[in-house]
Amino acid sequence: MTIMDATLPDLRPPSEIMRLSRLGSMFPTRLSFLRVLMRELKQAEVAVTRPVWDMDADGYGHAVYTLNLAGYAYSLVCFSNRLDPEARTDRVIAEAWDSAFVLYDGVPDAAEIARLSTNAPRQEAGRFTRRDLVLSRANKSVRLFDHVVSCLRNGQQPDADQIAETGYLMRTTAVYGNGKFGIADRSEFSARPGLGGPFAAEMLTVWLIRGFTHDLVEHVGGAPLDITLKRHLGIGNSTGLGMAPFLVSHPDLLNNWMMVRETALSRAFALANLDADCADRVMQLAHRASRHLQQWNVPDTEHQDRIETLRADWEKMSGQLPALLKQAHPLFAIVTAAGAYSDECQELAISLVLEPLGDLVDGLACCMVGSGAVPLDPMMDVASLSAEIEARYEFALRCDFDCPSQTHQFWYVSAAKQEPRLGLRYEEPGAELESPLDIARQVQALASDLRGAQGTVARFLRDFPHHRAAVRRVQLNITHPYSEIHDNLIAETCKPIDMLRCKLSFFGASKFDPKSDRWTRITLAQGAPLFGELADGDDWWLPVFAP
């Protein structure tokens, strides 16, 4: 397919790619977790069955979906409930939802289903066991759900434009894993084949929920959906501030995700040329991306302006592709040419050049798991520590924390919901409860106290124990260079939506629909294989709706 140079180019520096503006422009790739999971399910020849379907004519009741993955059975237990329209909200303060779900370890018997029927609809207020791997809930996109039901009942297929506009029948408002509210810790199952990747259990849950929404609307409508329409109906998601601090509190994971992405890109850059089939594939994918962008529209005017800028930039980029593909190192040439355009155009180009290289990059997915805690090195010389800060944390050292705009915001945890929140330091109370996401300020304070210090880190921390966390982060960054976001996360200019988009792009999200700079709606699994289509392939990057 290609000829590769013997020496790979250096990975791009963190100072270039770990900025919020870049992280907030990312697109899903073939290394996104949902894509990786779908390939795992295909390789394992997974079949999904529905042993329980106890729904009334209006679609209220419960259902169970079961699959076997590498010798382990897993079941999605679904509960569909009547919900007062006034109680329907995507906000975390909600106490009732249209549907609730549990990914169960094994196949639940009647007693276990009864237990879950009591607890799953209560979500945070419920009681769960180690057999419960993932907890989730979802609300209907009422207008589209009702439209599809009405059409099916009248012997018609739903309006394609309405399917395209919304893209999902339900949206999840939370997908909880890793021990939350008493469910199983990830360590209980992370060594099992297929569920070892980042958020693999959560992605499995989302894909199964998507299939449940298809079955539910067909059950209530009394007729099957057109298969093309069904494939385009993914699962929506509403995500807010609760997700944003994850990238800061899990620096080893952030590093590994970005390191794998950059390593994959380095392999793409090292390809000296492409054969005709691969070059044609790049052109086809670029055209698909153009069509996908035309089908991506949002109500928010600021973000819609960004989409329109991206559309114009991508048209210019696409026009250059035939010539760029003839150059030496064509994929490097494409990404370099994209540098003349917006951050989003550059990020889309990165996603594009990785897409046709499955044989070259898919194996890297196994490196995206956490590397575990790195112990603090107490014997490091403080002069070496200072040098590392100077070399790696220029973004922190340049901040003026005497300026109110640089300390404008503070992160804290809500007492009511135990969820992260963001306050305005000079307008709202609660700054004394601040969470330690002020990494730039911490590192700058550490650098200040290191001036004139001598000896080991152990001796320094004896006198300045409050710097332990910052020292640990600096030492981690030496071996994990992509572990830090190179921006001040308490500055007035910090937009949490950028952190959300970064993480969600690794999940495999597309069609970001921001409702503010603090929360967004997205679509997952749009165009993904249906339950019976896993063997058909992995070609659903940036899906295009063509009814």
Side-chain angles (χ1 to χ4, degrees), residues 1 27-51 65-76 103-105 107 133-134 168 175 177 189-215 227-228 230-235 257 260-261 264 267 277-278 281 284-285 288 292 351-352 354-369 505-510 523-544:
M1 182 181 84
F27 285 87
T29 72
R30 64 178 305 109
L31 291 167
S32 295
F33 308 146
L34 189 56
R35 292 281 301 281
V36 173
L37 175 69
M38 291 295 100
R39 292 196 292 270
E40 294 265 9
L41 298 184
K42 175 185 177 181
Q43 184 175 4
E45 299 182 343
V46 164
V48 179
T49 61
R50 196 182 72 187
Y65 294 81
T66 298
L67 58 88
N68 189 289
L69 178 56
Y72 294 90
Y74 303 101
S75 299
L76 182 75
L103 183 67
Y104 183 83
D105 190 1
V107 181
L133 306 184
V134 178
Y168 53 79
V175 183
F189 55 84
S190 59
R192 300 179 188 177
L195 291 191
F199 294 92
E202 290 87 343
M203 295 299 98
L204 177 59
T205 301
V206 166
W207 181 67
L208 292 171
I209 291 174
R210 177 217 189 196
F212 164 75
T213 69
H214 297 163
D215 288 356
I227 195 72
T228 301
K230 188 185 293 190
R231 288 194 192 103
H232 193 71
L233 287 169
I235 186 73
W257 298 355
V260 162
R261 185 172 177 268
R267 291 182 178 183
D277 289 343
C278 191
R281 180 65 174 155
Q284 293 166 8
L285 291 167
R288 181 195 298 180
H292 179 88
S351 185
L352 168 70
L354 294 180
E355 185 58 27
L357 305 181
D359 291 345
L360 193 63
V361 306
D362 285 356
L364 292 167
C366 65
C367 301
M368 300 180 84
V369 296
S505 73
F506 276 110
F507 285 2
S510 61
T523 306
L524 284 162
Q526 192 172 71
L530 303 174
F531 286 164
E533 297 180 336
L534 285 170
D536 293 347
D538 182 40
D539 186 18
W540 50 284
W541 176 73
L542 296 187
V544 171

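This is a predicted model, so every value here is computed, not measured.
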S.K.: Do the side chains of S510 and H292 get nearer than 4.5 Å, heavy atoms only?
M.R.: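 Side chain of H292 against side chain of S510, heavy atoms only: contact under 4.5 Å found.
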S.K.: Rounded to the nearest 0.5 Å, how far does CG of L285 lie from CD of E355?
M.R.: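 So the CD of E355 and the CG of L285 are separated by 6.0 Å.
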S.K.: Taking the side chain as every heavy atom from C-beta outward, state whether W207 and L41 have any pair of such atoms under 4.5 Å apart.
M.R.: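 A side-chain contact under 4.5 Å exists here.
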S.K.: Indicate the atoms forming the closest heavy-atom contact of A200 with L37, along with that distance.
M.R.: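 Shortest heavy-atom separation between A200 and L37 comes out as O-CD2, 3.9 Å.
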S.K.: Are more than 12 heavy atoms from other residues, nucleotides or ligands located less than 6.0 Å from atom CD of Q43?
M.R.: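 Incorrect, the count does not exceed 12.
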S.K.: What heavy-atom pair brings V107 and S75 nearest, and what distance separates the two atoms?
M.R.: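 Closest approach of V107 to S75: CA-OG, 3.5 Å.
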S.K.: Assign the ring pair F506 / W257 to parallel, tilted or perpendicular, where the plane angle (0 to 90°) is split at 30° and 60°.
M.R.: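 Because their plane-to-plane angle lies in the 30° to 60° range, the rings of F506 and W257 count as tilted.
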S.K.: Run Y74 and R192 through side chain to side chain contact (heavy atoms under 4.5 Å, CB included) and show every step you take.
M.R.: CA-CA 12 Å; Y74 303 101; R192 300 179 188 177; 3.1 Å; yes
S.K.: Side-chain contact test, heavy atoms from C-beta onward, threshold under 4.5 Å: evaluate it for L67 versus L204 and give yes or no.
M.R.: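 A side-chain contact under 4.5 Å exists here.
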S.K.: With side chains defined as the heavy atoms from C-beta onward, is the minimum distance between P198 and F33 less than 4.5 Å?
M.R.: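 A side-chain contact exists here, since the closest heavy-atom pair is under 4.5 Å.
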S.K.: Could you tell me if T49 and T66 have a donor-acceptor pair between their side chains, going purely by distance under 3.5 Å?
M.R.: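 No, because no side-chain N or O of T66 sits under 3.5 Å from a partner of the opposite role on T49.
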S.K.: Check whether the side chains of D215 and Y65 place a donor and an acceptor atom closer than 3.5 Å, and report yes or no.
M.R.: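 Y65 and D215 do have a side-chain donor-acceptor pair below 3.5 Å.
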S.K.: If you define the side chain from C-beta out and look only at heavy atoms, does anything of S190 sit under 4.5 Å from L195?
M.R.: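 Counting from C-beta outward, S190 and L195 never come under 4.5 Å.
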S.K.: Hey, could you give me the CZ/CG distance between R210 and L530, rounded to the nearest 0.5 Å?
M.R.: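 The CZ atom of R210 sits 5.0 Å away from the CG atom of L530.
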S.K.: Please test V206 against V175 for side chain to side chain contact (heavy atoms under 4.5 Å, CB included), starting from the C-alpha separation and ending with a verdict.
M.R.: CA-CA 8 Å; V206 166; V175 183; 4.1 Å; yes
S.K.: So, for V260 and C367, which heavy atoms are closest and what is the spacing to 0.1 Å?
M.R.: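 Minimum heavy-atom separation between V260 and C367: CG2-CB, 3.7 Å.
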S.K.: So which heavy atom on P356 is nearest to which on L352, and how close?
M.R.: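 The pair with the smallest heavy-atom distance is CD-O, 3.2 Å.
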S.K.: Is there a side-chain contact between T213 and L233, using heavy atoms and a 4.5 Å cut-off?
M.R.: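 No, too far: nothing below the 4.5 Å cut-off.
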S.K.: Rounded to the nearest 0.5 Å, how far apart are CG of L103 and CG of L133?
M.R.: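 Here the rounded value is 5.0 Å.
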S.K.: Do you know the tightest heavy-atom contact between W541 and S351?
M.R.: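 Looking at all heavy atoms of both residues, the closest pair is NE1-OG, 2.8 Å.
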S.K.: Just how far is it from atom CD1 of I227 to atom NE2 of H214, taken to the nearest 0.5 Å?
M.R.: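 These two atoms lie 9.0 Å from each other.
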S.K.: Tell me, please, whether W540 has R231 positioned over its six-membered ring: NZ or CZ under 6.0 Å from the ring centre and within 45 degrees of its axis?
M.R.: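 Verdict for W540: no cation-pi partner in R231.
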S.K.: Let's go through L357 and R267 carefully: what are the C-alpha distance in whole Å and the side-chain angles of both, what is the deciding distance for side chain to side chain contact (heavy atoms under 4.5 Å, CB included) to 0.1 Å, and is it a yes or a no?
M.R.: CA-CA 9 Å; L357 305 181; R267 291 182 178 183; over 6 Å; no
S.K.: Taking all non-hydrogen atoms of both residues, which atom of K42 and which atom of G537 are closest, and how far apart?
M.R.: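 Heavy-atom minimum between the residues: NZ-CA, 3.7 Å.
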S.K.: Would you sort out whether S32 and F507 count as a side chain to side chain contact (heavy atoms under 4.5 Å, CB included), showing the intermediate values?
M.R.: CA-CA 5 Å; S32 295; F507 285 2; over 6 Å; no
S.K.: How long is the span from the CD atom in Q284 to the CG atom in D539, to the nearest 0.5 Å?
M.R.: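 With rounding to 0.5 Å, CD (Q284) is 9.0 Å from CG (D539).
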S.K.: When you compare the side chain of F531 with that of L208, does any pair of heavy atoms fall below 4.5 Å?
M.R.: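 Yes, side chains in contact.
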S.K.: Determine whether L31 and R35 make a side-chain contact, defined as any pair of heavy atoms from C-beta on separated by less than 4.5 Å.
M.R.: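 Sidechains of R35 and L31: no contact.
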S.K.: So how far is it from R50 CZ to F212 CZ, rounded to the nearest 0.5 Å?
M.R.: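 CZ of F212 is found 9.5 Å from CZ of R50.
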S.K.: Hey, is the main chain of R30 close enough, under 3.5 Å, to the side chain of R39 for a donor-acceptor pair?
M.R.: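 At least one qualifying donor-acceptor pair exists.
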